[in-house]
Structures are given as structure tokens and as C-alpha cells.
Amino acid sequence: MILSHAIANTRAEDCAADAHQMIYAVPHVQHFGSRLADFAAAREAIEQASINESNWDGDGALAISPEVKANALAVLQMIEMTAVPAPEITPNPNGTLSLEWETDAGAAQLEIGKSLFGFYARAQSAPAIICSGRTDHLNGLFGLLVNDLIYRKSNTEGVTTDLVYASDDV
Amino acid sequence: MMCDIPIPIDDSEGIVRAILTIHLDPKGKLKTNTFRPKPGTQDVSVMRHSYMGSDACKVKAKGIISSSAKIEYKGLAVVGASEIRAVGSEVTDSRNGMGHYCGHADISHGSVNPPAGEPDDPMLVDKLRALKNAARYYPDPDPSNENWTGRLIE
């Protein structure tokens with residue numbers, strides 16, 4: 001399946017849903033084992049990464065606000081309903097939290113702010129999929145997209161896309 | 001105090017980033033945020049290892065940790081100045097910056113600063129990943145030691 005569309009989308013749910021459908025609409029693999037525990041650990045990581053003081057990295061980092069923490073917990077709950085494995089949680093100097101996934105097949109990152117998000121995903125040797133918008137437009141479809149892109153390697157082989165999503169409501 | 005390090009940074013120089021707990025995944029590998037910029041700027045604080053040496057880099061790296069934060073110093077990561085420029089970022093001497101020192105430098109990614117508490121441009125992740133993949137991480141086997149006792153950094 002070859003994709004060569006450039007699409008501008010203004011709603012996060014459309015962004016994720018369209019990209020997911022265009023890449024592959026296939027049943028998802030269930031991840032067994034410690035998935036529940038992994039998500040519990042991710043929630044705990046968000047709690048621990050929500051640092052109330054500024055300059056926590058010694059280089060001027062902003063505190064992670066309660067709004068960012070609440071947004072990250074809400075997104076995590078949404079994507080837990082999908083088949084994607086639990087993400088790594090990373091605090092960022094600008095006071096945001098990132099949910100990160102990386103496999104041999106590629107990498108994805110959902111950066112959560114007070115009112116905005118930024119999404120990046122790149123399967124190996126394919127162009128990046130970029131999306132940004134308001135956090136209240138986020139939903140679990142990003143989990144489906146990440147799962148298809150970097151956890152279902154065989155499905156992304158041969159896919160080329162220059163999908164670029166730019167939300168104009170940010 | 002006189003600083004006798006030349007201001008221009010040659011492509012052959014080794015550039016060091018202090019590595020903290022937040023920069024490592026559970027497997028001890030560098031995360032994408034290792035080279036994320038400071039808030040309100042597109043700059044990342046680094047050190048000119050080719051001139052400062054490993055001991056001095058370690059002292060500065062340990063010195064940035066806030067005593068009240070749950071963040072620990074873990075080691076040093078080195079990336080070549082040429083590798084930084086290869087991904088489209090720049091590294092420049094910044095000894096005269098606020099609170100900076102002889103040997104301090106900044107990597108600049110050249111993208112737009114986001115508002116406080118909001119995400120960076122997602123396209124920046126491409127550069128951050130490329131730098132992370134280019135960097136060699138040297139875990140510090142003895143963080144409490146005043147000197148660098150880990151593998152030779154080159």
C-alpha cells in the first residue's frame with residue numbers, strides 16, 4: 001500500500017483516525033503478560049515526573065504543572081484501551097510530559113502540555129507523521145496509530161507517506 | 001578569569017552533555033529528551049570536552065543537580081561537533097552567558113520556542129533522535145568520586 005497524500009487536518013481525532021485508516025486497518029495484536037502492570041507503572045511514572053519545583057534539571061527547567069499531569073493521565077487512560085504497549089514517561093524542560101515508544105521498527109512520541117499536544121511518529125525508512133492540536137481533542141486512536149506503526153513491523157513495510165498534519169486551532 | 005579556549009568550535013571537537021536520571025530509559029539507554037532545549041530558548045547546555053577534559057566535565061555535571069530534586073547525575077554523553085552540525089543544529093561557545101563558565105557551549109536547534117508548559121514543534125523530535133543516536137553514553141561507575149573513573153571518553 002503506497003500513500004503519497006499530504007493532508008491538513010484541524011482536529012486531533014481526525015488526524016489520528018485518518019492516519020490510522022490510511023496506514024492499515026487491521027485487527028490488533030494483543031500484548032500479553034504484564035501490560036496492566038506496565039500501565040500502572042506508567043501512571044506512577046507520571047506522578048513521579050510531575051515535579052513541582054522549577055530548575056529540576058539544573059538548567060532552568062519549568063515545573064510540571066497539575067494541568068499537564070492531569071492531561072497526561074487522561075491520555076494514558078485512553079490509550080490503555082488500545083493494544084499499544086505502555087509508554088516511557090519523560091519530563092521535559094519546558095514543563096511538558098512525553099509519552100514515548102521505541103522499537104526496532106521506529107519511534108513515536110506524544111508530548112503533552114497544559115492545553116496543547118505534539119505528536120511525532122516515524123517507522124523506519126518512512127517519513128515522519130506529525131500532528132499537533134489541543135489536548136482536549138486527544139483520544140485513544142493515537143495508541144492504535146503507534147501500535148500499527150512501530151509494533152506491527154510487517155504492516156508498515158512498503159508504506160511510504162508524507163502525511164503532515166497541522167492543526168490551525170493551536 | 002582568563003579563558004584560553006578558542007571561541008570557534010572545530011568540527012573535530014568532542015562535545016559533552018551531562019546525563020541525569022531523566023535522560024535514561026530503564027535499559028540505561030539515552031532518551032530523546034537528552035538534547036531538548038532549555039525553556040524559552042532553543043539552546044542545550046553542553047561542555048567542550050576536548051579542552052575541559054573528563055574530570056572538569058564531571059565536576060560541572062554534578063554541580064548542576066538541585067539537592068532537593070529526585071534527579072541524579074548518571075554520567076556523560078559525548079557527541080562530535082560535526083555530528084551536531086550534520087543534523088542541522090549548531091554548537092557555539094557560550095562562556096559569557098549568565099552563570100556560565102570557560103568551556104560552556106550551547107547546542108542550538110533553530111526551531112521556534114513554544115509557550116511555557118506547551119510542546120515543542122514535533123518536527124524537532126527528528127533532530128533530537130538523530131543526536132541521541134549519534135551520542136556515546138559513558139555511565140559513571142563512581143559518581144561520588146571527584147574524578148572521572150569511567151571508560152576513556154573519546
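From a predicted model like this one, the values you see are computed outputs, not experimental measurements. Below, read A as the first sequence line, B as the second, and so on, with proteins coming before strands; counting in each chain starts at 1. Values below: every heavy atom of this structure, side chains too, minus hydrogens, waters and symmetry copies.
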Is it the case that one hydrophobic cluster holds both [X] and [Y], taking links as side-chain heavy atoms less than 4.5 Å apart, direct or via other members?
{"X": "Phe119(A)", "Y": "Leu124(B)", "value": "no"}
{"X": "Val87(B)", "Y": "Val79(B)", "value": "yes"}
{"X": "Ile9(B)", "Y": "Phe35(B)", "value": "yes"}

- request: Return yes if some donor-acceptor pair links the side-chain N/O of Asn94(A) with the main-chain N/O of Pro115(B) below 3.5 Å, else return no.
  value: yes

- request: Please answer whether the main-chain N or O of Asp25(B) pairs with a side-chain N or O of Glu88(A) as donor and acceptor at a distance below 3.5 Å.
  value: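 The answer is no, because no donor-acceptor pair under 3.5 Å joins these two groups.
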
Any side-chain heavy atom of [X] within less than 4.5 Å of one from [Y]?
{"X": "Ser98(A)", "Y": "Lys31(B)", "answer": "no"}
{"X": "Asp57(A)", "Y": "Leu20(B)", "answer": "yes"}
{"X": "Arg129(B)", "Y": "Glu102(A)", "answer": "yes"}
{"X": "Pro93(A)", "Y": "Lys38(B)", "answer": "no"}

- prompt: Going by atom types alone, do Thr90(A) and Asn33(B) pair a side-chain donor with an acceptor below 3.5 Å?
  reply: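 Thr90(A) vs Asn33(B): no donor-acceptor pair found between side chains.
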
message: Do Thr96(A) and Glu118(B) pair up side chain to side chain, a donor and an acceptor below 3.5 Å, judged on atom types alone?
response: no

statement: Heavy-atom nearest pair, Trp56(A) first then Ile22(B), reads CZ3-CD1, 3.2 Å

query: What closest approach, in Å, do Ser132(A) and Pro122(B) show between heavy atoms, and which atom pair accounts for it?
result: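 That would be CB-CG, 4.4 Å.
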
Option that, when pairs with chain A are counted at under 4.5 Å, heavy atom only, ranks first among Asp121(B), Thr21(B), Asn113(B), Asp126(B): Asp126(B)

- request: Would you mind checking which part of Ile64(A) comes under 4.5 Å of any heavy atom in chain B, side chain (CB onward), backbone (N, CA, C, O), both or neither?
  value: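 Looking at Ile64(A), nothing touches chain B.
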
query: At a heavy-atom separation under 4.5 Å, does Thr135(A) approach chain B through its side chain, its backbone, both, or neither?
result: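 For Thr135(A), there is no contact with chain B at all, as no heavy atom is under 4.5 Å.
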
- line: Rounded to the nearest 0.5 angstrom, the OH-CG distance for Tyr120(A) and Leu128(B) is 9.5 Å

